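To keep things clear, I will list the structure first and then write my remarks on it.
Protein chains get the first letters and strands the later ones, always in sequence-line order, with residue 1 at the start of each. Computed from a predicted model, the values in this text were never measured in an experiment.
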Amino acid sequence: MRFTKAYIPTTKESPKDAQLPSHIYLSRAGFVMQVASGLYNFLPLGKRVLRKIEAIINEEMAACGALEVDLSFVTPAELWEESGRIEKFGKELLRFRDRKENLFVLGPTHEEMMVSIVRNRVTSYKQLPLNVYQIKTKFRDEARPRFGLMRAREFVMKDGYSFHASTDDLDREFDAMEAAYKRVLERLGLNFRIVEADSGAIGGTGSKELMVLAQSGEDTLAVCDSCEYGANVEAARRAPRATIPEAPSADFARFKTPNVKSIDDLSGFFHVDPYYTLKAVVMRAVYTEGSEPVCFFIRGCDELQEVKARNSVGAIDLVDITEAELSEIGLVPGFIGPLDQDKIRFVMDNDTRGAISMICGANEVDYHFVGVDLSVMNEASFADLVTVQEGDGCPHCGGKILHTKGIEVGHIFKLGTVYSAPLKAEYLDENGRSQPFIMGTYGMGVSRLVAAVIEQHHDEKGCIWTPATAPYLVNVMVSNIKEESHMQYGENLYAQLQKEGIEAILDDRKERFGFKMSDAELIGFPYTVIVGKELDNGSVQIMIRATREIITVGATEVIAKIRELVK
RNA sequence: CGGGGCGUAGCUCAGUAUGGUUAGAGUACUUGGUUUGGGACCAAGGGGCCGGAGGUUCGAGUCCUCUCGCCCCGACCA
């Protein structure tokens, strides 16, 4: 491609709405342009990057024997009613009617459609396993799209689904997909981590997220500093505490604690470590039908992890509760405890089981109990409720947990029969018995990956594409096209690179050196060959975008040098 | 959906508190000339429903009402 024939509208100034580096540089360098909230046009360079990523995914899927399909973007609402998700997805599903008044939705994900293509067609265990996928535009009418391509309403996703006759076989495929996704991200040149994830309301037996590590990531990860363990904080576990503060000694008693409400107040008042205090967090748990207040008890030194808390009571949501609601129940904020208390449903954190020497609210204004032995609560409901914090121990190796930010670019999930059962997608097993398919699902955010590459690879000058994602690997920049010998050399090199199968672009614009260099850096081609003054000495220069280092090479050695650099 | 902010040239923005010539700058674009290793310079040009509708007024980019859009924080995000 020649710059003079290309459409690469670069700008000096960033769009005012852009905040993230990926959003700023992808717009400024002419890869994408915003159409409306959460909607983007991909311009020629952006489309090339998308294609590159898609090609790598296709190759890795083919290597695993997954089959590519292409399902209708517009899907009948009936399917969504059948699975029950039309309610659950709510406003995120964009619905509309055709001229015959039939209700349709734009596909936000394709479990239902995918099940429908195998249902009643794959009818025997002999036809299993089956793994089908597509790379397709999705639409989710997000309440708040943001951060450019990172959270768009219309986006490109690779979504794959596998069908099995046994959980063992699902496990095997799940591992194969994890390995394939890992290879995809390695080939793209990304620094990432595969982490344990919350399986959430959808259920299933396991789920992992692929996280590209970047400051701007929306997810917080707990990762071990010495082993491979990593988890989304929503699902992170920790080792039992290695050192426990010295326990205060006190006999069980009801103690007057005037106006001592917070954990800080309490530990200050009694001069004890917050470890020995019991924190009560009351929230309203919302279910598909109805809601109820629930109290979560955790140690004072811990923080409640809301996703874990939500899962512990099977709620679809937890919302804040008002003081008025609390007093209506008969609870006193600041003095809530689990003892002798039947006013509210409560769940206790695993780490409080059998705890001794605890201080907790006495459910009466200005009174706490001290010297509490929580083993009296052993019949209560327990669950893991706390947020793993930096410095906690790794559950696998005892190393130290650190927090880091990640961009979720993939999510793989063991679905089991969550969809196949309600959609009655069944096969006959060896015994002639009808069984629902055991399913797995494997998603990867393709357009989000475009942004993720830049979030992880950019500098103050612009984009730094990795070799596998670059729209063109080499930019042949003729610094002054009026120098005929320079231009001639540039043309030859450009032709030769193409003949060698190296994707190249020729900057043949009538612009000055600085202007072209700035564009080269903004767009972020991995290598820019500078054809200029040095040519009179029989050499040219190669600017290596990642480091902005400029090396001088013989005019005839460029291709060899580039091959060496890419390796 | 709650809270905040912003809509003026392709882009980034002045101008709006206090209404008053023909609505400005930078950048981008066109033409000519000079330049040519870090976004050059000179000259001449084209480009605006001042988001939309209604109102107040002799007169509205500016004041009032309504509306639409976009961004940010939060809620939400299989």
Categorize A:Pro15 for me: base, sugar-phosphate, or nothing, with a 4.0 angstrom heavy-atom threshold over every strand shown. sugar-phosphate
Spacing of A:Leu71 atom CG and A:Met114 atom CE [to the nearest 0.5 Å]: 4.0 Å
Quiz item: A:Arg28 side-chain donor-acceptor pair to B:G39 base, under 3.5 Å: yes
Provide the distance between the two C1' atoms, one in B:G33 and one in B:G69, to the nearest whole Å. 45 Å
Touch class at under 4.0 angstrom, heavy-atom based, for A:Glu483 against every strand present: nothing
Shortest non-hydrogen contact from A:Tyr40 to A:Gly148? OH-CA, 3.1 Å
Establish, with yes or no, whether the OP1 or OP2 oxygen of B:G37 is under 4.0 angstrom from a side-chain nitrogen or oxygen of A:Arg512. no
Please measure how far the C1' atom in B:A25 lies from the corresponding atom in B:A14, and state the result in whole Å. 7 Å
Taking B:C64 as the reference, what is the distance to B:U57 when you measure between their P atoms (whole Å, please)? 16 Å
Under a 4.0 Å N-O cut-off, is there an ion pair linking A:Lys136 with A:Asp70? yes
Taking the same atom, P, in B:U8 and in B:G48, what whole-Å distance lies between them? 15 Å
Please measure how far the C1' atom in B:A78 lies from the corresponding atom in B:G2, and state the result in whole Å. 25 Å
Tell me which nucleotide among B:C73, B:G37, B:A78 gets nearest to the side chain of A:Arg140. B:A78
If you go through the side-chain atoms of A:Glu521, does one of them form a donor-acceptor pair with the base of B:G38 closer than 3.5 Å? yes
Measuring centre to centre across the rings, with the benzene-like ring taken for any Trp, is A:Tyr472 within less than 6.0 Å of A:Trp465? no
Take atom P in B:C77 and the same atom in B:C68, then report the distance between them in whole Å. 26 Å
Check: B:G37 base within 3.5 Å donor-acceptor of A:Gln541 side chain: yes
N/O donor-acceptor pair, side chain A:Lys482 with base B:U36, under 3.5 angstrom: yes
With the side chain of A:Glu534 defined as its heavy atoms from C-beta on, choose the nearest nucleotide among B:C77, B:G37, B:C70. B:G37
Quiz question: by atom type and distance under 3.5 Å, do the side chains of A:Tyr442 and A:Ser162 form a donor-acceptor pair? yes
B:G46 and B:G10, which share atom name P, separated by this distance in whole Å: 16 Å
Looking only at atom P, what distance separates B:U34 and B:G51, rounded to whole Å? 43 Å
Distance criterion of 3.5 Å, no angle test: do you see the side chain of A:Arg144 paired donor-to-acceptor with the base of B:C77? no
